[in-house]
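So you know, we letter chains A, B, ... as the sequences are listed, proteins then strands, and number each from 1.
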Amino acid sequence: MADTNTIAVDVFPLLCGLVLAPFIIGVVNRTKAFFAGRNGQPLLQLYFDIFKLLRKGAVFSRSTTWVFRLAPAVSLASTVSALAIFSLSPEGAALSFPGDIVLAVYMLALARFATVLSALDTGSSFEGMGASREVMLAPFAEAAFFILILAAAVASRSMSAATMFAAAIPLPVRILMFVSLFIVLLVENCRVPADDPNTHLELTMIHEVMVLDNSGPDLGMIFYAASLKLWLFASLAVCCIMPAGLTGGIIGEMALRVAGIICVCILVGVVESVMARFRFDKVRRMLVFASVLSSLALLIAVGVSA
Amino acid sequence: MMDWLQTVFVVMIVADFALLASSRIAGCINILALQGVMLSVLPLLNHASVSNIFFASLIFSIKALVFPFLLRRALKMVNAKREVEPLVGYSASILIGLAALIFSFWLSGRMGSFSPGMAILGVSASVFTMFTGLFVIVSRVKAITQVVGYVVFENGIYLLGSSLMLEQNMLVELGVILDLLVFVLLSGIVVFHINREFDHIDTDSMDGDGPGREVPLR
């Protein structure tokens with residue numbers, strides 16, 4: 001049995017993620033505000049929003065069923081469990097076993113599935129359209145992400161997320177993984193080249209349009225799950241280029257990681273400020289390109305370890 | 001040093017994919033210039049002697065400066081539409097490229113034994129670059145993009161030579177570069193004349209209907 005100390009070390013990154021995730025959304029928004037010449041909302045705005053929403057009551061449309069009420073909870077729960085696998089500490093993760101990466105990827109897919117199902121459940125044509133767009137991009141994003149995970153697994157010869165990113169992976173592979181993961185991050189979190197999180201014109205939205213009917217605590221859960229997802233991808237991206245074990249203690253390690261995550265979020269904000277949305281078929285081409293980068297990382301990993 | 005060498009090979013491969021994905025001729029020419037820069041770094045990474053520095057600067061000036069300049073000038077002269085107009089779609093091109101990349105990794109794994117150490121990544125990068133050049137030649141209709149494909153093909157050959165670290169490579173390469181320079185110069189003139197004769201540089205519809213023939217809609 002692991003003693004309490006190791007357990008605390010393993011759980012610490014997960015707790016950091018759960019507490020700090022809404023903050024990094026604030027970082028992205030402040031970066032965008034800076035580029036637009038505004039002061040922007042407070043860094044902690046999402047915390048206020050979530051607490052406000054949790055105090056409110058929810059309104060459910062008469063045309064919805066239990067699927068719609070269940071979906072936000074399912075999506076939040078599966079995102080948290082994926083985060084538990086992917087929040088890495090120097091020695092392990094909060095939840096870790098051989099092959100846990102496959103479970104984590106499927107957990108993210110389950111969250112998406114629940115959201116899409118609830119969007120279809122409302123019977124609104126707009127939400128159906130959003131769902132259709134979401135599932136159209138999903139297979140490409142998942143392919144890129146999964147091949148990338150596979151590359152890390154081959155390069156480090158381990159099937160668990162905890163040891164996968166800790167091992168010595170060659171530098172070019174790391175950079176390829178980072179770039180590919182960053183593209184997947186932009187698409188999965190509905191960031192600008194793929195989707196605009198600020199637009200409230202239904203014709204152009206992907207993710208926002210699927211949660212139009214949610215209100216109150218449900219919407220709060222959806223916001224929280226979205227911020228956790230951004231945290232998950234950003235922290236993985238940081239793990240790609242910054243190997244674990246640079247500093248001794250878990251506190252220093254996490255401080256470095258959080259600094260890295262904030263840098264990634266600033267990068268997201270910069271990309272969002274200087275780029276326009278892509279035409280829809282170009283988003284798909286971008287994802288195909290990300291899969292190619294992942295495949296290249298995989299091929300190099302196979303070539304180097306062979 | 002090994003890491004930098006690997007990075008150069010990886011950048012070459014990624015540039016090839018960018019070439020397959022890019023929809024603008026000007027973008028293709030920029031990618032060509034990037035490849036030229038990467039190739040000029042290569043001799044310095046292998047062995048930084050005086051002759052290598054000279055060689056590197058020669059490669060840099062021709063492949064990263066002169067070729068892009070000539071091609072850009074040709075592009076401006078013929079007033080071509082700026083789109084690439086591929087016969088094979090962009091996503092399909094990327095996927096075909098991926099298949100070719102896997103094939104070239106397999107191939108270089110098979111022949112890796114005749115050069116020690118670094119061979120696999122370097123050889124597969126060069127085989128893949130050659131393939132990309134050939135593919136661009138056959139799958140893009142415009143004369144300028146075909147010239148780009150030809151130069152990329154030559155980049156692949158050069159990369160193969162230097163990733164196998166052949167000593168006589170430089171001598172052969174100097175001759176080839178001279179050839180290539182003349183070729184790109186001439187092709188600029190040829191493209192110009194094609195344009196004057198047919199009012200376009202679409203190599204697929206040159207069936208002699210004379211000047212002023214409309215480009216068929218695709």
Visitor: Hey, are the side chains of A/L296 and B/F105 touching, using non-hydrogen atoms and a 4.5 Å cut-off?
Guide: yes
Visitor: Using non-hydrogen atoms only, which part of B/I102 is less than 4.5 Å away from chain A: side chain, backbone, both, or neither?
Guide: both
Visitor: About how many Å separate OG of B/S91 and CZ of A/F289, when rounded to the nearest 0.5 Å?
Guide: 11.5 Å
Visitor: So, taking the atom named OG in A/S295 and the one named CD1 in B/I13, what distance separates them when rounded to the nearest 0.5 Å?
Guide: 11.5 Å
Visitor: Under 3.5 Å, side-chain donor or acceptor atoms of residues 59-71 of chain B against the rest of the protein: list the pairs with distances, not counting sequence neighbours.
Guide:
from, atom 1, to, atom 2, distance (Å)
B/S61, OG, B/S57, O, 3.0
B/S61, OG, B/L58, O, 2.9
B/K63, NZ, B/E154, OE1, 2.7
B/K63, NZ, B/N155, OD1, 3.1

Visitor: About how many Å separate CG of B/L98 and OG of A/S291, when rounded to the nearest 0.5 Å?
Guide: 8.5 Å
Visitor: In Å, rounded to the nearest 0.5 Å, how long is the span from CG of A/L299 to OG of B/S124?
Guide: 8.0 Å
Visitor: Count the heavy atoms belonging to other residues, nucleotides or ligands that lie under 6.0 Å from CZ of A/F280, then report whether that count exceeds 12.
Guide: yes
Visitor: Please examine the side chains of B/F17 and A/L293, heavy atoms only from C-beta on, and report whether any two atoms are closer than 4.5 Å.
Guide: no
Visitor: As an exercise, state the distance from CZ of A/R284 to OH of B/Y90, rounded to the nearest 0.5 Å.
Guide: 14.0 Å
Visitor: Do you know the tightest heavy-atom contact between A/R285 and B/A21?
Guide: NH1-O, 3.2 Å
Visitor: Please round to the nearest 0.5 Å and tell me the distance separating atom CD1 of A/I300 and atom CG of B/L121.
Guide: 5.0 Å
Visitor: Taking side chain as C-beta onward, heavy atoms only, is A/L176 less than 4.5 Å from B/V14?
Guide: yes
Visitor: Does atom CZ of A/F278 have more than 12 heavy-atom neighbours, drawn from other residues, nucleotides or ligands, at distances under 6.0 Å?
Guide: yes
Visitor: Would you mind reporting whether A/P170 and B/Q6 have side-chain heavy atoms less than 4.5 Å apart?
Guide: yes
